[in-house]
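Heavy-atom basis, side chains included; hydrogens, waters and symmetry copies ignored. Reminder, nothing fancy here: chain letters follow the sequence lines and each chain counts from 1. All values derive from a computational prediction rather than experimental measurement.
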Amino acid sequence: MLTQAIKGVKDVLPEDSVKWRHLEGVVRKLFSDYGFSEIRTPIIEHTILFARSIGATSDIVEKEMYAFKDQGGDEITLRPEGTAGVVRAYVEHKLFASRSVTKVYYMGPMFRRERPQAGRLRQFHQIGVEALGVSEPGIDVDILAALVELFSRLKVQGVELHINSLGCRDCRAAYKIALKNFLTGKIDSLCPDCQRRVETNPLRALDCKSEHCEAATADAPMMLEYLDSDCRAHFESVKQGLDDLGIRYVINPRMVRGLDYYTRTTFEMIAVDKKGAQNAVAAGGRYDSLVEEIGGPPTPGIGFAIGVERLLLMLPEAGDSAPLPKVYIAAIGGEAARFGQKLADALRKCGISAERDYSPGGLRNQMKKADRSGAAYTVIIGEDEMTKGAAILRDMKTREQSEVKLDEMVEEIKKRVAAFSTDANNEHGTRFL
RNA sequence: GUGAGUGUAGCACAAUGGUGGUGCACCAGAUUGUGGAUCUGGGCGUUGUGGGUUCGAGUCCCAUCACUCACCCCA
């Protein structure tokens, strides 16, 4: 169908884009407060980058990537997540050489070819941060604090921070074997999905919602019990840091992250009212081996990504959102219309948003449109005014109007708008609530 | 990839197998130069699409497409 968007992608219409910009504004300020700078990496990368970083056998790489061969025969993929590209840029531009820590954030579209449903799209957007070069748990705490503060600034209620530690490569390997043995012993009481998972992704069985599996894994070995002393100390420090900042969290030893590169600290921001389905609105963790794995120097890293569409679903409703023109110009007759055009142009060049009716119509009609546009003032120009050389300036709220000479109109409006714009309107003439 | 549900006007919804309506929105007029209220008038909609059953299908059947929800997976 010519007039139909691709499955799983969405238009952000003018009514909605206000919400997006509000979110982006809050996010940019916050990340700046926490010392992150923006990075913009390409939407396409070499396919191999994602295969290496996310894990070749992960669902994302195996069946969800938009991967194609371009005209020159290169294997290209539309990014399914943001970390890989950032890490690639970090290594490619040798950012590790000039500073000890690199703290960046990004926001933009990601692509995964899944079956769409609530909070899950094929083109979706993530806002994420990455901090590279620091292995100390203090950075984990900073990152978590930023995440929690973001939800607080956005006034989003009903979320819980869940944290876990997956250990490092060494202690997780030992744990995986122990868990696999345990699950193999219970194989008959697991759901078909989990029977498969024992081989492919045993950790996932701990996260299964099936009652049988919950019961069967009730006394399964937990990763936290298998942490080596360094990983355990790291996790303890993170918890201590969160406590010091008064950040509430839930230790969730069964929490599993989907991407292969996570180590040690992992976390999710969970919407408590949605049990099960797409309740993770933000998630992240440490990835201390990733930089090295894709060919950079051994460098620890940690980051998170927020699902923008999921977060938007939780945002409290903003009130008035359409941009409000400050001045509406109602002109009757050809000569007046020409003056109206010039007046609008002059106002706009002064940074005063002006709107007018493009089609001829009676004054009543134009007043109606002026009213609906939400304009604070309306300039009324007709035959009489043109001959008199003075038009009517009407305050739409008080309904008071006065005669203003045509050549003084711009100055008069500037004067009034200056007083008006100090309150609820921001620099774009857009009102948020 | 698996399963279920839903497709009727711009939007939200009606219509025992028998001429497809209502509300909101929109446009015009009442008010030939003054806005939010009120009143009056204004819609030939390929009933998602294609087949089938029937004298007759928005309604029943099949297929297909789209959307939605859940599983899987994940932000």
Rounded distance in Å - CD1 (A/Ile60) to P (B/rG1): 17 Å

What about A/Arg364, does its side chain sit under 3.5 Å from the base of B/rU31 through a donor-acceptor pair? yes

Rounded to whole Å, the NZ-P distance (A/Lys368 to B/rG36) equals 6 Å

Please give the distance between the P atoms of B/rA37 and B/rC71 as a whole number of Å. 45 Å

Can you measure A/Arg372 atom CZ to B/rU34 atom C1' for me and round it to whole angstrom units? 15 Å

Output the rounded distance in Å from CZ (A/Arg204) to P (B/rC72). 9 Å

Please pick, from B/rC72, B/rA75, B/rG35, the nucleotide with the shortest atom-to-atom distance to any side-chain atom of A/Arg112. B/rA75

Can A/Glu130 and A/Tyr287 be counted as having a side-chain donor-acceptor contact under 3.5 angstrom? yes

Side chain to side chain, A/Ile302 and A/Arg264, heavy atoms closer than 4.5 Å: no

Hey, does A/Lys7 reach any base, or is it just sugar-phosphate, or nothing, if we go heavy atoms under 4.0 Å? sugar-phosphate

Electrostatic pair A/Glu38:A/Arg28 at N-O distance under 4.0 angstrom: yes

Residue mapping more 5' on RNA chain B - nearest nucleotide basis, A/Leu121 or A/Lys63: A/Lys63

Using a heavy-atom cut-off of under 4.0 Å over every strand shown, decide if A/Gly119 touches base, sugar-phosphate, or nothing. base

Aromatic ring proximity A/Phe36/A/Tyr105, centre distance under 6.0 Å: no

Look at the side chain of A/Glu62 and the base of B/rG1, then say whether one donor and one acceptor between them are separated by less than 3.5 Å. no

Please tell me which of the listed nucleotides, B/rA75, B/rC72, B/rG1, lies nearest to the side chain of A/Glu114? B/rA75

Separation between the C1' atoms of B/rC24 and B/rC65, rounded to whole Å: 30 Å

Which part of the nucleic acid, if any, lies within contact of A/Glu64, taking any heavy atom under 4.0 Å across all strands shown: a base, the sugar-phosphate backbone alone, or nothing? sugar-phosphate

Base of B/rC69 paired with side chain of A/Arg120 (donor-acceptor, under 3.5 Å): no

A/Ile392 has a side chain; which of B/rG33, B/rU31, B/rA75 sits nearest to it? B/rG33

Hey, is A/Lys388 close enough to A/Glu403 for a salt bridge, meaning N to O under 4.0 Å? yes

So A/Gln401 and A/Ile380, do their side chains get closer than 4.5 Å, heavy atoms only? yes

Using the P atom as the reference point in each nucleotide, state the distance between B/rU16 and B/rA28 in Å, no decimals. 36 Å

Out of B/rA70, B/rG1, B/rA75, whichever nucleotide has its closest atom nearest the side chain of A/Gln117: B/rA70

Taking atom C1' in both B/rG21 and B/rU32, what distance in whole Å separates the two? 37 Å

Please measure how far the P atom in B/rA14 lies from the corresponding atom in B/rC67, and state the result in whole Å. 22 Å

A/Glu385 has its side chain closest, among B/rC73, B/rG33, B/rG35, to B/rG33

Using a 4.0 Å heavy-atom cut-off, does A/Ala370 contact any base of the nucleic acid, only the sugar-phosphate backbone, or nothing at all? nothing

Take atom CZ of A/Arg399 and atom C1' of B/rA37, then tell me their distance rounded to the nearest Å. 10 Å

Between A/Glu383 (CD) and B/rU32 (C1'), how many Å, whole number? 14 Å

N-O pairing of A/Lys415 and A/Glu411 below 4.0 Å: no

Interatomic distance, A/Asp357 CG vs B/rG35 P [rounded to whole Å]: 15 Å

Taking atom P in both B/rG51 and B/rU47, what distance in whole Å separates the two? 13 Å

Among the nucleotides B/rA75, B/rU68, B/rG33, whichever has the atom closest to the side chain of A/Asp384 is B/rG33

Going by modelled atom types, is there a donor-acceptor pair between the base of B/rG1 and the side chain of A/Arg115 at under 3.5 Å? no

In whole Å, what separates the P atom of B/rA9 from that of B/rA15? 15 Å

Under 3.5 Å donor-acceptor pair, A/Gln366 side-chain atoms to B/rU34 base atoms: no

Tell me which nucleotide among B/rA75, B/rA28, B/rA70 gets nearest to the side chain of A/Asn365. B/rA28

Grab the CD-P distance between A/Glu130 and B/rA75 for me, whole Å please. 12 Å

At 4.0 Å (heavy atoms only), tell me whether A/Ile332 reaches a base, stays on the sugar-phosphate, or touches nothing. nothing

Nearest-nucleotide pick for A/Arg394, side chain only, options being B/rU34, B/rC74, B/rC73: B/rU34

